[in-house]
Structure formats: C-alpha cells, structure tokens
Amino acid sequence: MSRSTFTPDLESATSRADEQQLHIALNDGTRIPQLGLGVYKTPADETAEIVRYAAKAGYQMVDTAAFYGNESGVGDALQDFPDLYAVTKLWTQDMGYDKAMRAFDESARKLRREVIDLYLIHWPMPKSGLAVESWKALIKLKNDGRIRSIGVCNFQQEHLTQLIEETGVKPVLNQIELHPAFQQRELRAFNDSLDIRTEAWSPLGQGGGLGGEIIAGIADKHGKTPGQIVIRWHLEQGNIVIPKSANPKRIDENLGVFDFHLDDDDMKRIATLERKDGRTGPDPYTADF
Ligand SMILES: NC(=O)c1ccc[n+]([C@@H]2O[C@H](COP(=O)([O-])OP(=O)(O)OC[C@H]3O[C@@H](n4cnc5c(N)ncnc54)[C@H](OP(=O)(O)O)[C@@H]3O)[C@@H](O)[C@H]2O)c1
C-alpha cells in the first residue's frame with residue numbers, strides 16, 4: 001500500500017457553511033449528506049487525522065468498511081466530530097445472520113458509536129446465497145435502534161428484487177461503481193424506480209479518467225479542476241458521492257463543488273465518455289473474495 005504524505009494542519013482547514021451542502025432524502029424518512037469522504041486505501045495509522053481534517057474542512061459524511069482496516073481510525077475522529085454521518089459495511093466473509101450480527105458489533109466497537117448512521121452489505125455474493133439472511137440481520141439491527149439506515153453495495157437488479165421480495169424491506173441506497181467511463185444508466189434508473197438512491201463509488205474513476213480533453217475543457221470553462229467537474233457531474237444527477245483523498249489539498253478541492261453548476265452542454269459532453277471497458281472494479285456477479 002502506498003503511503004501518503006499527509007501532514008495534518010487542522011488550523012488551516014476552513015469550515016464551509018452547512019447550507020452550501022446538499023442532503024438527499026432517503027426512503028426511510030432520514031437524510032444523508034450528498035457528499036462524503038471515502039477512505040478505501042487510506043492508511044490505518046493516518047485515517048484519524050485525515051478524517052479530522054476533512055470534518056474540519058466541512059465534510060459531513062465518512063464512508064469506511066470493515067474490509068478497509070481503518071474503522072478504528074475513523075472511530076477516533078468521530079470522538080471529536082460526533083455529528084459526522086458514519087457509514088460502514090458488512091464484509092463478504094461475515095455474511096449470514098449470526099455472523100452479520102457479530103460483525104456489526106465489531107464495527108460499532110471500532111467506530112465507538114452506539115448507533116451507526118448507515119450500514120451496507122458490501123457485495124451481493126450471489127453464489128453464497130447469504131444476502132437475504134444478512135439483510136434480515138440488518139433489518140433486526142435497525143429495528144433495535146443500532147443502525148439508522150440500511151443499504152447495499154454492488155447489487156444488480158435481480159439481487160435487489162430478491163431482497164425486497166423476500167423481506168419486504170427496501171435498501172435506502174445502492175452504492176455502485178459509477179464514473180464518467182462507467183455511467184450505469186440502467187441500474188440507476190432501476191434504483192430510481194424503487195425509490196432507492198444511487199451512491200457512486202470510485203466517483204473519480206480512481207483518478208484515472210480526469211486527464212481527458214472533454215473534462216479539461218469543461219474545467220477551463222468554469223474555472224474549476226477536472227476532479228471538481230466530475231464531482232459536480234454526480235451532484236447534478238442526484239448521485240450521493242464519496243471521493244477518496246488522503247491529501248489535504250485534494251480533500252479541500254473536492255469540497256469546492258457547491259458554488260457552480262454544469263449546463264446541458266457540459267452534461268451531454270460528459271455522457272459521451274462512457275466506455276464499454278469502463279468498469280475498473282470487480283463484476284458483482286463473479287466477484288470472489
Ligand atoms: N462499496 C464498494 O464496493 C466500494 C468499492 C470501492 C470504493 N468504495 C468507496 O468509494 C470511495 C471512493 O472510491 P475510490 O477510493 O476507489 O476512488 P476515487 O474516489 O474515484 O479516486 C480516489 C483516487 O483519486 C485521487 N484523487 C482524489 N481527488 C482527486 C482530485 N481532485 N484530482 C485528482 N485525483 C484525485 C486520490 O488520490 P489522493 O488520495 O492522493 O488524493 C485517489 O488515488 C472509497 O474510498 C470507498 O469509500 C466502495
């Protein structure tokens with residue numbers, strides 16, 4: 001794992017007004033900040049300071065997972081920023097009713113939170129056949145008041161349909177790989193049809209898609225950076241978005257997206273960036289962890 005050169009300077013982080021940021025209504029009556037900080041691959045021993053820096057800068061949500069190995073660092077930061085909306089995920093090896101219950105306890109202990117704002121099943125793992133049992137555990141934890149909202153990641157249409165048919169409970173959101181090279185139009189529309197919000201992971205294409213001419217041209221036009229254009233593109237479509245950065249300059253940069261809009265022409269040009277080989281992560285049907 002590469003090491004970042006993060007040197008926190010909490011004093012230099014300037015807090016942005018709450019009202020600049022948007023919230024998205026979820027189908028269980030709660031609301032989620034539309035922009036958060038992702039911490040996949042953020043080094044465990046730097047996570048607390050990075051999350052503290054981001055919270056001070058104005059981030060209102062943090063997205064971690066048991067799999068990322070940095071929940072304890074997030075938990076340390078949550079002690080100082082108790083209002084930060086905290087998201088974590090059930091790993092594939094912990095699926096099943098009893099294992100999910102234990103895994104949740106462990107995540108809550110590391111996050112040092114009595115109540116987790118949002119808990120997600122990380123992958124559907126269709127071959128395991130354990131998604132529905134895991135979902136029943138999440139429903140119980142929500143009914144017991146341990147989790148405010150429950151959702152999923154990487155679920156395809158048939159996985160969502162099965163979950164809802166067998167339990168009658170809809171996820172509040174589906175967190176999926178989504179960026180200009182992989183726009184997921186069909187799955188987004190399916191999520192919408194069920195009143196399930198779409199959250200974009202790898203929203204910047206892991207930084208890979210930011211060097212192209214189209215994004216650069218739109219960035220010049222608005223006096224913004226390519227990263228800000230892509231984050232704004234997500235916001236315009238109603239996606240919840242969790243760009244990861246472990247670099248203070250880019251943590252600030254990625255928050256500078258609430259003072260401009262993309263126009264129809266910008267949106268049409270970004271729509272052309274979809275690629276057949278645009279997926280960068282595992283295929284949810286065949287993922288094997
Ligand atoms: N549910 C799932 O299965 C799943 C899978 C993957 C990810 N996720 C979540 O989604 C979050 C985001 O996805 P991701 O981390 O894969 O990728 P990403 O956010 O698309 O990209 C992160 C990469 O882009 C760089 N970067 C950040 N801001 C930038 C900017 N403004 N300009 C240029 N480069 C920039 C980062 O480097 P620096 O750190 O050096 O800035 C890092 O290398 C994760 O952290 C995680 O919370 C969920």
Side-chain angles (χ1 to χ4, degrees), residues 1-8 32-33 35-44 46-47 49-51 53-54 57 59 61-71 73-74 84-92 95 118-125 151-156 159 171 173-184 187 198-212 215-216 219 224-234 239-257 278-285 287-289:
M1 184 182 288
S2 68
R3 304 273 306 174
S4 77
T5 53
F6 184 76
T7 45
I32 185 173
L35 177 73
L37 180 76
V39 295
Y40 180 39
K41 295 189 179 165
T42 298
E46 295 175 25
T47 299
E49 283 311 293
I50 287 168
V51 175
Y53 180 90
Y59 283 74
M61 188 232 295
V62 57
D63 181 275
T64 184
F67 175 67
Y68 302 168
N70 54 20
E71 285 175 311
V74 173
L84 207 52
Y85 187 104
V87 185
T88 193
K89 313 187 189 89
L90 176 72
W91 185 234
T92 59
M95 289 172 79
L118 175 62
Y119 195 47
L120 306 174
I121 298 180
H122 208 146
W123 289 88
M125 306 304 283
V152 295
C153 308
N154 301 303
F155 273 48
Q156 305 304 293
H159 311 139
L173 60 81
N174 189 10
Q175 185 185 109
I176 55 176
E177 180 178 348
L178 204 177
H179 43 83
F182 192 58
Q183 302 194 7
Q184 298 259 35
L187 188 50
T198 298
E199 180 169 30
W201 65 253
S202 289
L204 301 170
Q206 300 184 332
L210 300 177
I215 300 287
K224 290 285 177 179
T225 68
Q228 289 170 330
I229 296 301
V230 172
I231 294 168
R232 189 69 228 175
W233 173 79
H234 286 285
N239 299 337
I240 300 155
V241 61
I242 44 171
K244 175 263 175 185
S245 181
N247 173 295
K249 188 176 151 291
R250 287 189 286 278
I251 288 173
D252 286 339
E253 177 185 327
N254 294 344
L255 201 56
V257 290
R279 188 198 291 280
T280 62
D283 181 332
Y285 281 105
D288 182 21
F289 319 101

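All ligand and atom numbering here is 1-based and tracks the order in the structure. Since this is a predicted model, take the numbers as computed values, not measurements.
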- Message: T225 versus ligand 1: do any nitrogen or oxygen atoms come within less than 3.5 Å of each other?
- Response: no

- Message: To the closest 0.5 Å, what do you measure between CD1 (I240) and OG1 (T198)?
- Response: 8.0 Å

- Query: Which ligand 1 atoms does H122 reach within 4.0 Å, using its non-hydrogen atoms?
  - Reply: 1 (N), 2 (C), 3 (O)

- Task: Could you grab the distance from atom CG of L120 to atom CG of L173, nearest 0.5 Å is fine?
- Result: 5.5 Å

- Ranking H179, Q175, K244 by closest non-hydrogen atom to atom 22 (C) of ligand 1, top hit is K244

- Quick one: do Y53 and D252 satisfy side chain to side chain donor-acceptor pair (under 3.5 Å)? Show the steps, please. CA-CA 9 Å; Y53 180 90; D252 286 339; 2.7 Å; yes

- N/O separation below 3.5 Å, V39 to ligand 1: yes

- Contact partition for R250 relative to ligand 1, non-hydrogen atoms under 4.0 Å: side chain

- With heavy atoms and a 4.0 Å threshold, my read on which part of L210 contacts ligand 1 is side chain

- Task: Please work out which of the three classes, parallel, tilted or perpendicular, describes the rings of H179 and F182, given edges at 30° and 60°.
- Result: tilted

- Between the OG1 atom in T47 and the OH atom in Y68, the distance rounded to the nearest 0.5 Å is 12.0 Å

- Query: N247 to ligand 1: N or O pair under 3.5 Å?
  - Reply: no

- Query: If you measure from each non-hydrogen atom of C153 to ligand 1, which part falls under 4.0 Å: side chain, backbone, both or neither?
  - Reply: side chain

- Message: Which label fits H122 and W91: parallel for a plane angle under 30°, tilted from 30 to 60°, or perpendicular past 60°?
- Response: perpendicular

- Could you give the distance from CG (L35) to CZ (R232), rounded to the nearest 0.5 Å? 10.0 Å

- Taking N or O atoms only and a 3.5 Å limit, does K89 qualify as a polar contact for ligand 1? no

- Query: How many angstroms lie between atom CZ of F155 and atom CD1 of I121, to the nearest 0.5 angstrom?
  - Reply: 4.5 Å

- Task: Using a strict 4.0 Å cut-off to heavy atoms of G207, name the atoms of ligand 1 that fall inside it.
- Result: 21 (O), 24 (O)

- Note on the structure: Of W201, Y68, W123, the one whose closest heavy atom lies nearest atom 46 (C) of ligand 1 is Y68

- Counting each atom of ligand 1 from 1 as listed, which ones have a heavy atom of P243 under 4.0 Å away? 19 (O)

- CG (N70) and OG1 (T88) are apart, to the nearest 0.5 Å, by 8.5 Å

- Do G227 and ligand 1 have an N or O pair less than 3.5 Å apart? no

- May I ask you to identify, for Q206, whether its side chain, its backbone, both or neither come under 4.0 Å of ligand 1 on a heavy-atom basis? both

- Query: Between K89 and D63, does at least one N-O distance fall below 4.0 Å, as a salt bridge requires?
  - Reply: yes

- Task: Mark up the atoms of ligand 1 that fall under 4.0 Å of a heavy atom belonging to D63, in ascending order.
- Result: 9 (C), 46 (C), 47 (O)

- Task: Have a look at ligand 1 and work out which part of P203, if any, has a heavy atom under 4.0 Å from it: side chain, backbone, both or neither.
- Result: both

